[in-house]
**Student:** 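If you scroll down you'll find the structure; I have some questions about it.
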Amino acid sequence: MASDPVYLQAFKAIADLIAVDFSSGYSGLDLSGSGQVVRGIMPQAPMIPSACVFMFDIKEDFGQSLDRYQAEIVFEIYGFCGGTSLVDRMDNACRLGADLINALTTDRTLGLNGLTDDVICNFSALEGDRYQVEGVAIAYIEVKVKYQSSSGV
């Protein structure tokens, strides 16, 4: 079987990196259970805690030479957590966001050394009620992965 393109390898690596137990991290949450991290959008209200990641976009650009192309893959992660009040939920979303970002940026190649060049994360804490997910906070992370290749994939 042929190997996966870089963007699919990155997609799998991101899901694997965040599907861990953060009990010694900021949030104290465990996302290592079966079905707690999903590649793709969750079709219904999520279990708490949980996360989903999906590939949003790939943009290719010219490289430094004729046979090299630069690309940026944009992924979105939604980490779901609870809390007893709005303030508690927002604090928990911030903590979960920090854990997820740490998991992704400890090795900014996503463990795909030689295939990816760098990872940048942007973060927002969102109140789930605003998105019809009542009583839940959302740690939203936009993940940008840079890579180069001879074919663009």
Side-chain angles (χ1 to χ4, degrees), residues 1-43 46-82 89-128 131 133 136-153:
M1 175 182 218
S3 66
D4 291 329
V6 173
Y7 51 82
L8 182 54
Q9 289 183 55
F11 195 11
K12 291 176 178 180
I14 288 171
D16 288 345
L17 288 168
I18 65 172
V20 297
D21 185 351
F22 295 113
S23 39
S24 63
Y26 294 106
S27 69
L29 299 175
D30 184 359
L31 296 182
S32 65
S34 177
Q36 283 184 278
V37 174
V38 175
R39 282 194 301 130
I41 295 295
M42 292 183 171
M47 68 178 86
I48 304 300
S50 63
C52 63
V53 56
F54 68 98
M55 188 167 36
F56 181 73
D57 194 15
I58 300 173
K59 293 180 182 168
E60 188 177 78
D61 202 355
F62 299 100
Q64 298 287 333
S65 63
L66 291 176
D67 64 342
R68 296 299 290 171
Y69 300 93
Q70 297 176 346
E72 178 181 85
I73 318 163
V74 179
F75 296 93
E76 292 185 348
I77 297 173
Y78 293 85
F80 302 97
C81 57
R89 288 191 295 274
M90 289 296 94
D91 289 352
N92 290 340
C94 289
R95 291 181 188 113
L96 178 57
D99 284 340
L100 296 171
I101 290 169
N102 280 340
L104 297 171
T105 60
T106 296
D107 173 0
R108 289 188 182 260
T109 69
L110 300 174
L112 302 173
N113 202 7
L115 294 178
T116 57
D117 298 326
D118 204 356
V119 172
I120 298 293
C121 296
N122 298 310
F123 170 73
S124 295
L126 308 170
E127 173 55 40
Y131 302 96
V133 187
V136 173
I138 304 167
Y140 168 77
I141 301 169
E142 178 188 64
V143 181
K144 294 182 179 182
V145 178
K146 296 261 188 193
Y147 72 97
Q148 299 178 48
S149 75
S150 58
S151 67
V153 295

**Student:** How long is the span from the CG atom in Asn122 to the CD1 atom in Ile101, to the nearest 0.5 Å?
**Tutor:** 8.0 Å

**Student:** Test Phe56 against every option in Lys144, Glu76, Glu142 by the side chain to side chain contact (heavy atoms under 4.5 Å, CB included) rule and name the one that passes.
**Tutor:** Glu76

**Student:** Compare all side-chain heavy atoms of Arg39 with those of Leu8 and state whether any distance is below 4.5 angstrom.
**Tutor:**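 Side-chain contact under 4.5 Å: yes.
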
**Student:** Considering the options Ile77, Asn102, Ile141, which one meets the side chain to side chain contact (heavy atoms under 4.5 Å, CB included) requirement together with Cys121?
**Tutor:** Ile141

**Student:** If we only count heavy atoms from C-beta on, is the Phe80 to Met42 side-chain gap below 4.5 Å?
**Tutor:** yes

**Student:** Considering only heavy atoms from C-beta outward, does the side chain of Arg108 approach that of Asp117 to under 4.5 Å?
**Tutor:**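 Arg108 vs Asp117: side chains apart.
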
**Student:** Could you check if a side-chain atom of Leu96 sits within less than 4.5 angstrom of a side-chain atom of Pro49, using non-hydrogen atoms only?
**Tutor:** no

**Student:** For residues Lys146 and Gln70, determine if any side-chain heavy atom of one lies less than 4.5 Å from a side-chain heavy atom of the other.
**Tutor:**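 Counting from C-beta outward, Lys146 and Gln70 never come under 4.5 Å.
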
**Student:** Does Leu110 reach the side chain of Val119, with side-chain heavy atoms less than 4.5 Å apart?
**Tutor:**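 The answer is yes, as the side chains (C-beta and beyond) meet within the 4.5 Å cut-off.
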
**Student:** Less than 4.5 Å apart, side chain to side chain, heavy atoms only: is that true for Leu31 and Leu100?
**Tutor:** yes

**Student:** So, Asp61 and Lys59, do they make that salt bridge, N to O below 4.0 Å?
**Tutor:** no

**Student:** For the pair Tyr78 and Tyr140, name the ring-plane relationship: parallel under 30°, tilted 30 to 60°, perpendicular over 60°.
**Tutor:** tilted

**Student:** Kindly give the heavy-atom pair with the smallest separation between Thr109 and Thr116, and that separation in Å.
**Tutor:** O-OG1, 2.5 Å

**Student:** For atom OH of Tyr26, decide whether the heavy atoms of other residues, nucleotides or ligands shown that lie under 6.0 angstrom number more than 12.
**Tutor:**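 Open: at most 12 neighbouring heavy atoms sit under 6.0 Å from OH of Tyr26.
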
**Student:** So, Arg89 and Asn92: side-chain donor and acceptor under 3.5 Å apart, yes or no?
**Tutor:** no

**Student:** Inspect the surroundings of CG in Asp57 and state if more than 12 heavy atoms from other residues, nucleotides or ligands are less than 6.0 Å away.
**Tutor:**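 Above 12, so yes.
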
